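All chains are named by letter (A, B, ...) in the order of the sequence lines, taking the proteins before the strands, and each is independently numbered beginning at 1. These numbers were taken from a predicted model, which means no experiment stands behind them.
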Amino acid sequence: MDSMSMEPSLYTVKALFILDNDGNRLLSKYYDPELYPSMKEQNNFEKNVFNKTHKADNEIAFLEGMTVVYKSSIDLFFYVVGSPQENELMLMSVLNCLFDSLTQILSSCAGCHGNRCGSNAGGWGKNVERRYLLENMEGVFLVVDEIIDGGVILESDPQQVLQKVNYKSDESPLSEQSVAQVIQSAKDQIKWSILK
Amino acid sequence: MIKKFDKKDEESGSGSNPFQHLEKSAVLQEARIFNETPINPRRCLHILTKIIYLLNQGEHFGTTEATEAFFAMTRLFQSNDQTLRRMCYLTIKEMANISEDVIIVTSSLTKDMTGKEDVYRGPAIRALCRITDVRGMLVCQLHYYDVVKRWVNEAQEAASSDNIMVQYHALGLLYHLRKNDRLAVSKMLNKFTKSGLKSPFAYCMLIRIASKLLEETEGGHDSPLFDFIESCLRNKNEMVVYEAASAIVHMPTCSARELAPAVSVLQLFCSSPKAALRYAAVRTLNKVAMKHPSAVTACNLDLENLITDSNRSIATLAITTLLKTGSESSVDRLMKQISSFVSEISDEFKVVVVQAISSLCQKYPRKHSVMMNFLSNMLRDDGGFEYKRAIVDCIIGIIEENPESKETGLAHLCEFIEDCEHTVLATKILHLLGKEGPRTPAPSKYIRFIFNRVVLESEAVRAAAVSALAKFGAQNDDLLPSVLVLMQRCMMDSDDEVRDRATFYMNVLQQKQKALNAAYIFNGLSVSVPGLEKSLHQYTLDPSERPFDMKSVPLATTPISEQKSDMAPIATSKMPEKMAPSRQDIYQEQLAAILEFQGLGPLFKSSEAVQLTEAETEYVVRCVKHTFAQHMVFQFDCTNTLNDQLLQKVVVQMEPSESYEVLHYIPAANLPYSQPGSCYSLVRLPEEDPTAVSCTFSCTMRYLVRDCDPNTGDPDDDGYDDEYVLEDLEVTVADHIQKVLKPNFGAAWEEVGDEFEKEETFALASVRTLDEAVGNIVSFLGMQPCERSDKVPENKNSHVLFLAGVFRGGHDLLVRARLALSDGVTMQVTVRGADETPVDVILASVG
């Protein structure tokens with residue numbers, strides 16, 4: 001079964017999910033309708049993967065007949081799943097792109113958050129954390145959608161992803177925006193109006 | 001770690017999940033603000049996020065509520081907030097399957113798709129795809145429509161697309177569109193391998209397409225495609241280099257020398273700081289080691305370094321690879337290494353380890369005691385069913401290959417079933433104990449283990465234990481009294497099946513007759529279980545005075561010895577194993593549905609399909625030979641590969657060389673392009689000369705051709721007759737004999753007796769080895785080798801082959817062939833049968 005070469009196809013990623021440090025699902029996407037079609041099977045798979053991976057940061061594992069690449073950050077776990085014949089580095093490029101894009105989106109928000117609380121300003125690192133992820137869930141959904149659609153890798157460069165998502169956390173009202181941000185947004189608006 | 005965060009969360013209260021206690025109904029209530037004017041993008045955005053989050057958690061939305069929310073959402077297209085718009089697209093995609101009338105958003109999406117906003121265009125197209133058909137060609141084309149359009153233009157400008165992903169997708173799509181047209185694929189490859197690509201993803205795709213084409217055309221390694229793949233080993237991107245190396249390794253015919261460049265890049269990857277790359281490299285090297293262990297020996301040092309890798313999957317793969325490439329002397333050390341962390345690795349890799357041990361045992365039989373020890377330790381560890389099954393299979397394999405390891409192996413297995421939660425394994429081991437135990441020097445020691453099962457286990461295991469006990473009683477006279485006492489106790493079991501078996505065996509054993517023991521204890525029923533069920537059902541529907549005749553039940557087709565998959569790691573199948581009807585049961589069903597074939601009796605045997613055409617001809621025809629008691633049915637599976645023809649009234653006309661009589665042709669009414677159809681011929685076997693078992697048929701396919709439009713498939717009104725000559729079809733002695741496995745050949749030999757025994761000696765001058773002789777006899781007679789006598793031990797000059805089968809009509813047939821090697825092979829064949837004719841047939845056809 002393995003000696004048969006795969007039909008060349010764009011459908012590379014079988015599943016992608018983000019779990020918290022109790023193994024609970026924050027976001028899950030299954031792209032192959034034949035792989036774990038029911039919610040129960042998906043949850044079992046995620047639990048199994050989590051149990052086998054959360055202790056050691058080993059980057060790659062082979063579980064339930066699937067290649068799983070993963071990465072953790074503070075209290076978050078990111079997983080990309082592919083078929084056992086898939087090029088492991090392709091899966092890694094998806095995982096890295098997802099992680100880097102989210103790092104950029106969330107770090108800017110972490111800054112806002114810190115400012116608003118008025119405490120510990122500047123002490124917020126660029127960490128991808130569960131609470132920031134949940135606060136910016138729409139951004140996370142959009143990033144995932146730009147990286148993979150239906151299992152096809154759409155983009156692997158985080159800069160391109162950010163540009164396409166064009167996501168700005170408008171967590172804080174205008175009055176709290178920094179001068180630079182106001183100018184930037186003004187620039188953008190002018191640019192769009194010219195382009196139209 | 002977890003604790004720490006919980007604490008922090010409790011303190012600050014800000015770390016809790018804002019979506020945790022979301023109520024679906026409350027969220028849908030909130031969604032009413034979608035209708036408010038002016039639209040509040042921030043609040044709406046938040047609600048859409050909640051909806052998507054709920055869907056993602058598996059929350060079920062009813063069609064009505066989904067449709068309502070969906071309609072409300074469409075209003076949000078009036079807002080120009082970018083993020084909000086993007087979230088609308090996402091909601092559309094997520095809800096496309098639940099909500100009705102999603103098609104109403106088509107116009108909004110089409111507007112965004114053709115609009116000026118770059119940010120909207122791509123996502124809008126993708127959302128649109130989802131709401132039209134999810135699968136299918138149209139979608140695929142739509143999916144990449146604008147991509148391809150852009151890309152084709154840019155490709156003309158020297159393939160300098162600034163978007164590397166566009167290149168990748170376009171290549172994937174182009175291949176998808178052209179994959180059935182080998183020439184077009186070849187042209188495409190030629191173009192891009194010359195011009196080069198920017199995207200590493202596109203390179204990987206190109207390598208896959210090239211190796212697929214190489215495989216299909218069986219292209220040699222002097223092909224430019226191979227050169228291209230090899231050149232990718234020097235690409236600057238690791239992903240491409242690995243893809244190329246992997247492609248070369250997976251090519252079916254590759255010599256060690258051609259593998260060398262691929263192996264050396266994999267060797268480099270072994271020391272990469274990236275775990276995924278090390279994993280990929282060692283996994284691929286593991287595959288190389290299966291076929292060409294010598295090609296990997298150069299990497300032994302690098303693999304040694306990986307044994308201590310913190311990623312245990314990598315370490316396991318490294319060790320199992322070394323076990324394949326290393327020398328006998330390194331085995332002990334490696335086994336010690338692996339036992340230090342075997343508890344830390346996942347079951348999938350434990351199975352890989354067991355497989356490596358299994359192949360090692362075949363390579364170095366002298367190491368079986370080390371292996372057996374290791375396996376018994378693994379058997380004691382925790383692990384899932386697949387893992388335990390792999391170990392048990394491996395131990396059974398060792399026992400069968402090395403008779404001197406039998407007693408140790410059986411002892412380990414006895415210990416294992418003392419505490420085994422898997423019924424399937426316990427019954428399998430009990431069966432093995434029943435088969436092997438009575439033939440060991442001290443059979444009495446197994447009785448205790450077996451009887452313990454009767455006391456402690458579930459019904460299925462108890463029943464298996466009773467059957468095993470009976471075998472000890474039947475084989476060992478001195479144990480018989482004790483076995484009878486134990487049987488007596490089993491007859492008071494609470495389960496019907498256990499009691500029935502005990503009563504049955506009790507009565508058989510008390511007769512003390514060898515023939516009865518052979519027929520009812522050692523060698524059980526050889527009929528097909530679904531067939532037996534059907535025959536019994538038929539019998540109860542139509543009761544008669546005559547007793548039920550076991551000979552009317554089709555025989556079980558013995559499974560062709562399971563091919564051990566030698567690839568690592570095996571993908572564990574998620575399907576539970578169930579009693580599937582065999583291929584022959586399916587044929588039986590299909591043939592019984594045809595009027596002309598009713599009254600032929602039960603189907604006796606169906607052959608493997610025989611190709612009657614060359615590969616890649618206009619029509620592809622293969623034949624399956626079905627044997628009945630007095631007749632044969634030839635099933636011709638035909639495929640028409642011409643898209644501008646419709647064939648009708650297709651028959652295969654047969655001219656026999658012997659006195660076989662063709663009774664009927666049953667045509668295939670229609671044979672449209674690429675849809676297989678079957679036609680049949682019914683032939684009567686010669687009655688006057690029952691030994692005339694072989695015959696050659698010349699075959700011609702005759703049909704009516706109607707030309708048709710290749711695009712629509714509409715045929716012309718008129719047609720013309722035509723014919724197509726097929727290859728000759730042979731009927732041989734093997735078509736008249738069904739394989740039957742006799743687990744205890746000696747007992748079966750005594751049971752049949754020497755009433756119709758014949759013996760003859762032949763000289764096989766052209767055969768050089770015993771192995772070859774055994775192979776020839778088995779395939780020629782089509783009988784089942786018993787007692788593993790098809791395996792000739794090394795360095796032996798003589799061998800005895802035991803074959804068992806049933807001749808058409810239901811007569812048992814046993815063959816014992818003594819072979820001696822001396823300048824050619826001399827063979828003394830002794831045949832016993834329940835009837836004289838089959839015995840004569842065998843001797844006549846061997847001669």
Of B:S313, B:A276, B:A280, the largest count of non-hydrogen pairs under 4.5 angstrom with chain A goes to B:A276

Rounded at 0.5 Å granularity, tell me how far CG in A:D145 sits from CE in B:M87.
9.5 Å

Apply side chain to side chain contact (heavy atoms under 4.5 Å, CB included) to B:M205 and A:L10, showing your working.
CA-CA 8 Å; B:M205 178 61 87; A:L10 291 171; 3.4 Å; yes

Separation between CG of B:L317 and CZ of A:F62, rounded to the nearest 0.5 Å
9.5 Å

Roughly how far apart are A:L89 CG and B:F269 CZ, rounded to 0.5 Å?
7.0 Å

Backbone N or O of A:R25 within a donor-acceptor pair of the B:Q57 side chain at under 3.5 Å?
yes

Is it true that a side-chain atom of A:N87 and a backbone atom of B:M239 form a donor plus acceptor pair closer than 3.5 Å?
yes

Verify salt bridge (Lys or Arg N to Asp or Glu O under 4.0 Å) between A:K29 and B:E94, making sure each step is shown before the conclusion.
CA-CA 11 Å; A:K29 286 283 189 187; B:E94 296 288 335; 2.3 Å; yes

Working to the nearest 0.5 angstrom, can you tell me the gap between A:L134 CG and B:F19 CZ?
6.5 Å

Working to the nearest 0.5 Å, report the span between CZ of A:F141 and CG of B:L48.
10.5 Å

What part of B:K50 lies closer than 4.5 angstrom to a heavy atom of chain A: side chain, backbone, both or neither?
neither

Side chain, backbone, both or neither: which part of B:Y175 has a non-hydrogen atom closer than 4.5 Å to chain A?
side chain

Does A:K71 have more than 12 heavy atoms from other residues, nucleotides or ligands lying within 6.0 Å of its NZ?
yes

Tell me which of these, A:L133, A:L63, A:D157, has more heavy-atom pairs under 4.5 Å with chain B than the rest.
A:L63

B:L90 and A:E138, any side-chain heavy atoms less than 4.5 Å apart
no

What part of A:S93 lies closer than 4.5 angstrom to a heavy atom of chain B: side chain, backbone, both or neither?
side chain

Salt bridge or not between A:E86 and B:R208? Use side-chain N to carboxylate O under 4.0 Å.
yes

Flag for A:E88-B:Y242: side-chain donor and acceptor within less than 3.5 Å
yes

If you look at every heavy atom in A:M39 and B:G58, which pair is closest and at what distance?
CE-CA, 3.0 Å

Chain A contact via B:S246 - which portion, at a heavy-atom distance below 4.5 Å:
neither

Give a yes or no on whether a salt bridge exists between A:E146 and B:R86, defined as a side-chain N under 4.0 angstrom from a carboxylate O.
yes

Roughly how far, to the nearest 0.5 Å, is OH of B:Y53 from CG of A:L26?
5.0 Å

Between A:E59 and B:A275, the two heavy atoms sitting closest are OE2-N, 3.2 Å

Contacting moiety of A:L91, where chain B heavy atoms sit under 4.5 Å:
neither

Is chain B contacted by the side chain of A:M92, its backbone, both, or neither, given a heavy-atom distance below 4.5 Å?
side chain

